[in-house]
Amino acid sequence: MDAGIAAVLGAVVGALGTGGAGVTAALLAKSQVRMQIQAEHARMIREPRKQAYASYAEEAKKDYERLTEAQLALEIAARHELRREESLTKVGALIDESFEHTNTVLETWEAQVYMEGPHAVVQATVRLDTAFVELRSVLLENHDKIEDGEDADLDAVREKHATAHKAYLRYLYEASAALNSDVHLV
């Protein structure tokens with residue numbers, strides 16, 4: 001082979017190798033940029049959800065604790081005649097606080113959770129809200145029974161309390177699962 005042809009052939013092979021490496025590098029850079037954009041998008045979705053879910057959970061826990069305190073006061077009212085009036089007053093005040101808290105703070109965060117979704121978390125939120133409504137209702141019903149001199153149905157109160165606790169835990173589970181699925185979008 002002639003030295004000139006060999007030099008030209010060597011230059012062509014070198015140019016193709018350099019160009020191929022450049023194309024490969026460009027494709028890899030494009031892929032990395034796409035992955036960074038997807039990660040940023042997932043983070044942008046996750047942060048508002050996390051804030052809404054956590055705030056709703058925190059406020060729901062406060063309401064649950066308030067209703068638990070009302071349940072305990074109701075049980076004291078049902079069992080101890082000397083503390084009945086004081087305990088019934090406490091139950092009434094705690095139920096009123098729960099209504100007020102729900103109508104102001106809790107419903108605000110509940111709306112945020114509804115907007116952030118997904119459907120499983122929204123359903124868990126609705127179940128939790130329903131459980132709290134039912135617990136408040138049975139507490140109030142039994143408060144009135146005791147006030148009227150009737151026997152309270154403490155088993156019904158305990159059942160609704162347990163249902164509310166399960167609904168709260170279910171909400172936490174669904175919120176956690178949704179946040180974890182946001183991480184896997186990347």
Side-chain angles (χ1 to χ4, degrees), residues 34-78 87-88 90-146 151-186:
R34 183 180 303 123
M35 287 174 42
Q36 287 173 336
I37 290 171
Q38 287 173 336
E40 182 62 21
H41 182 259
R43 188 192 64 75
M44 287 173 54
I45 289 173
R46 189 175 196 274
E47 287 309 311
R49 277 187 177 180
K50 183 178 176 183
Q51 175 65 36
Y53 295 173
S55 295
Y56 180 75
E58 181 181 336
E59 295 302 328
K61 179 136 176 59
K62 288 177 187 175
D63 207 35
Y64 176 76
E65 289 169 352
R66 187 177 289 115
L67 294 170
T68 298
E69 190 177 345
Q71 176 192 356
L72 296 174
L74 184 76
E75 291 195 20
I76 290 169
S87 295
L88 287 177
K90 185 174 184 177
V91 171
L94 289 165
I95 291 171
D96 288 346
E97 287 175 25
S98 177
F99 275 122
E100 180 66 26
H101 183 253
T102 295
N103 291 332
T104 56
V105 178
L106 201 55
E107 282 184 358
T108 299
W109 285 112
E110 189 175 311
Q112 289 292 316
V113 171
Y114 289 173
M115 289 189 298
E116 292 297 332
H119 187 66
V121 178
V122 172
Q123 283 183 319
T125 305
V126 169
R127 282 192 293 271
L128 179 55
D129 182 56
T130 300
F132 281 178
V133 167
E134 290 175 356
L135 178 54
R136 274 193 301 271
S137 178
V138 76
L139 284 166
L140 190 56
E141 177 184 313
N142 282 282
H143 169 277
D144 293 347
K145 280 183 178 181
I146 294 170
D151 290 336
D153 185 356
L154 297 178
D155 288 337
V157 174
R158 288 183 199 113
E159 180 184 323
K160 294 298 181 184
H161 184 264
T163 300
H165 185 253
K166 288 176 189 171
Y168 178 72
L169 294 177
R170 185 67 183 175
Y171 167 78
L172 293 177
Y173 171 78
E174 291 296 343
S176 176
L179 290 173
N180 285 332
S181 72
D182 287 347
V183 170
H184 300 303
L185 290 175
V186 181

What residues, two or more places apart in sequence or in another chain, satisfy salt bridge (charged side-chain N to carboxylate O under 4.0 Å, His left out) together with Glu107? none
Does any part of the side chain of Leu88, heavy atoms only, come nearer than 4.5 Å to the side chain of His143, both counted from C-beta? yes
Taking all heavy atoms of Leu172 and all of Ala57, pick out the closest pair and write down the distance. CD2-CB, 3.7 Å
Ignoring hydrogens, what is the shortest heavy-atom contact between Ala60 and Leu128? Give both atom names and the distance. CB-CD2, 3.9 Å
Pair listing, salt bridge (Lys or Arg N to Asp or Glu O under 4.0 Å) test, anchored in residues 117-137, at least two apart: Asp63-Arg136, Glu134-Lys160
Tightest non-hydrogen contact, residues Ala164 and Ala131, listed as CA-CB, 3.7 Å
With no hydrogens and no angle check, do the side chains of Gln51 and Glu47 hold a donor and an acceptor under 3.5 Å apart? no
Asp153 versus Asn142: any side-chain heavy-atom pair under 4.5 Å? yes
Please report the interatomic distance CD(Glu100) to CZ(Arg66), rounded to the nearest 0.5 Å. 10.0 Å
Does CG belonging to Asn103 count more than 12 external heavy atoms closer than 6.0 Å? yes
Under a 3.5 Å distance rule, please check whether Thr125 uses its side chain to pair with a backbone N or O of Val121 as donor and acceptor. yes
Specify the closest pair of heavy atoms between Ala70 and Val91, including all atoms of both residues, with the distance to one decimal. O-CG2, 3.4 Å
Hey, could you give me the CG/CG distance between Leu154 and Leu74, rounded to the nearest 0.5 Å? 6.0 Å
Got a second to check how far Leu135's CG is from Gln71's CD, nearest 0.5 Å? 7.0 Å
Check Ile146 against Ala77 and note the closest heavy-atom contact, atom names and distance. CG2-O, 4.1 Å
Close side-chain approach of Asp155 to Arg158, heavy-atom, < 4.5 Å: yes
Does anything in residues 159-179 pair up under ring pair (Phe, Tyr, Trp, His ring centres under 6.0 Å), and if so which pairs, sequence neighbours excluded? Tyr56-Tyr171, Tyr64-His161, Tyr64-His165
Reported OH-to-CD distance for the pair Tyr114 and Gln123, which is rounded to 0.5 angstrom: 11.0 Å
Is there side-chain contact between Ser87 and Glu75, with heavy atoms separated by less than 4.5 Å? no
Closer than 3.5 angstrom, by distance alone: can the side chain of Thr102 be matched with the main-chain N or O of Ser98 as a donor-acceptor pair? yes
Is the count of non-hydrogen atoms from other residues, nucleotides or ligands lying under 6.0 Å from Lys50 atom NZ greater than 12? no
N-O pairing of Glu59 and Lys62 below 4.0 Å: yes
Heavy atoms only: give me the nearest Val113-Ala52 pair and the separation to one decimal. CG2-O, 3.7 Å
Within a strict 4.5 Å, meaning less than it, do heavy atoms of the Leu94 and Leu67 side chains meet? no
